[in-house]
Protein chains: 2
Amino acid sequence: MNETFKALADPTRRQIIALLKERDMTAGDIAEHFNISKPSISHHLNLLKQANIILDQRQGQFIYYSLNATVFQELISWFMQLGNFGGKEGD
Amino acid sequence: MNETFKALADPTRRQIIALLKERDMTAGDIAEHFNISKPSISHHLNLLKQANIILDQRQGQFIYYSLNATVFQELISWFMQLGNFGGKEGD
DNA sequence: TATATATTTAGATAATTGACTAAATATATA
DNA sequence: TATATATTTAGTCAATTATCTAAATATATA
């Protein structure tokens with residue numbers, strides 16, 4: 001869980017997540033949306049992968065990245081249990 | 001939003017959140033649950049406060065900290081829109 | 001006022017992190 | 001095999017962060 005939160009604690013990585021929400025993309029496609037070097041993007045992708053937030057799948061020369069919805073479900077659960085959201089209001 | 005995610009990206013701070021989920025506590029009460037110095041705890045509390053995750057309220061010599069549920073609602077929304085969770089399964 | 005308790009602020013330091021360039025690896029194709 | 005493209009790995013460096021001790025501030029009370 002710590003890896004996951006740390007992975008989310010960076011604006012570039014959250015932007016990558018936002019991009020992957022729209023469609024699966026290659027590392028190169030993703031890199032083109034930023035002003036930072038490809039190795040740096042690769043590093044961010046790696047952290048997101050370690051955190052289980054994204055999945056990768058090689059297709060020939062390309063590696064396609066996609067979101068792993070499962071992790072977001074878990075995160076939502078984590079937040080839900082904090083606030084007793086949506087539950088019974090009885091004290 | 002970045003401040004919020006960064007505040008969550010630390011195990012000590014998430015443990016503080018877990019403690020405050022149970023009941024409001026003074027800075028000293030919180031510090032007793034950890035093996036780190038009070039100034040360090042104070043620093044973590046400050047980051048959580050900046051991130052709007054906790055609220056503080058002085059009562060005499062003591063400062064009581066409590067969770068700010070509003071922020072968690074916002075975070076849940078953030079995650080929800082990523083995965084189209086719980087929505088229409090069409091497409 | 002003087003003293004005790006609760007907490008924060010200041011300043012220093014070691015560890016972590018995000019960025020870079022250069023080099024390596026994997027695949028496709030001539 | 002040789003070459004081109006896509007991506008990662010390695011190594012370095014500056015900025016950020018978590019921690020500490022010492023000192024300052026705020027409140028309560030004798």
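Since we're looking at a predicted model, the values are computed, not measured. Chain letters run A, B, ... following the sequence lines, proteins first and then strands; every chain starts at 1.
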What are the two closest non-hydrogen atoms of Ile76(A) and Met80(B), and how far apart are they? CD1-SD, 3.5 Å
Among the nucleotides dT7(D), dG18(C), dT17(C), which one has an atom lying closest to any side-chain atom of Leu47(A)? dG18(C)
Give the minimum heavy-atom separation between Ile16(A) and Leu48(A), together with the two atoms involved. CG2-CD1, 3.8 Å
On DNA chain D, check which nucleotide each of Gln61(A) and Asp56(A) is closest to and give me the residue with the more 5' one. Gln61(A)
From the list dA19(C), dT8(D), dT19(D), which nucleotide is the closest neighbour of the side chain of Thr12(A)? dA19(C)
On DNA chain C, compare the nucleotides closest to His43(B) and Ile36(A); which residue's is nearer the 5' end? His43(B)
Which one is paired to dT29(C), where only Watson-Crick or G-U wobble pairs with both distances under 3.5 angstrom count? dA2(D)
NA contact type, His44(B), heavy-atom cut-off 4.0 Å: base, sugar-phosphate, or nothing? sugar-phosphate
Using a 4.0 Å heavy-atom cut-off, does Lys49(A) contact any base of the nucleic acid, only the sugar-phosphate backbone, or nothing at all? nothing
Tell me which nucleotide among dG18(C), dT9(D), dT16(D) gets nearest to the side chain of Pro39(A). dT9(D)
Report yes if at least one side-chain N or O of Ser40(B) is closer than 4.0 Å to OP1 or OP2 of dA18(D); otherwise report no. no
So, applying side chain to side chain contact (heavy atoms under 4.5 Å, CB included) with Tyr65(A), which one of Asp24(A), Leu19(A), Ile30(A), Asp29(A) is it? Ile30(A)
Would you say dT7(D) has OP1 or OP2 under 4.0 Å from some side-chain N or O of Thr26(A)? yes
Identity of whatever pairs with dA15(D) - Watson-Crick or G-U, under 3.5 angstrom: dT16(C)
Taking only side-chain nitrogens and oxygens of Tyr65(A), does any of them come within less than 4.0 Å of OP1 or OP2 of dA6(D)? no
Considering just the side-chain nitrogens and oxygens of Lys38(B), establish if one lies under 4.0 Å of OP1 or OP2 belonging to dA6(C). no
What pairs meet the ring pair (Phe, Tyr, Trp, His ring centres under 6.0 Å) rule with one or both residues in residues 15-40 of chain B, with sequence neighbours excluded? none
Using a cut-off of 4.0 Å on non-hydrogen atoms, how would the nucleic acid contact of Ile30(A) be classed: base, sugar-phosphate, or nothing? nothing
Should Ser37(A) be listed as having a side-chain N or O under 4.0 Å from OP1 or OP2 of dT21(C)? no
Ser42(A) side chain N/O closer than 4.0 Å to the phosphate oxygens (OP1, OP2) of dT7(D)? no
Arg58(A) side chain near dT7(D) phosphate (N/O to OP1/OP2, under 4.0 Å): no
So Asp10(A), base contact, sugar-phosphate only, or nothing? Heavy-atom distance under 4.0 Å. sugar-phosphate
Can the ring centres of Trp78(A) and Phe72(A) be said to be less than 6.0 Å apart? no
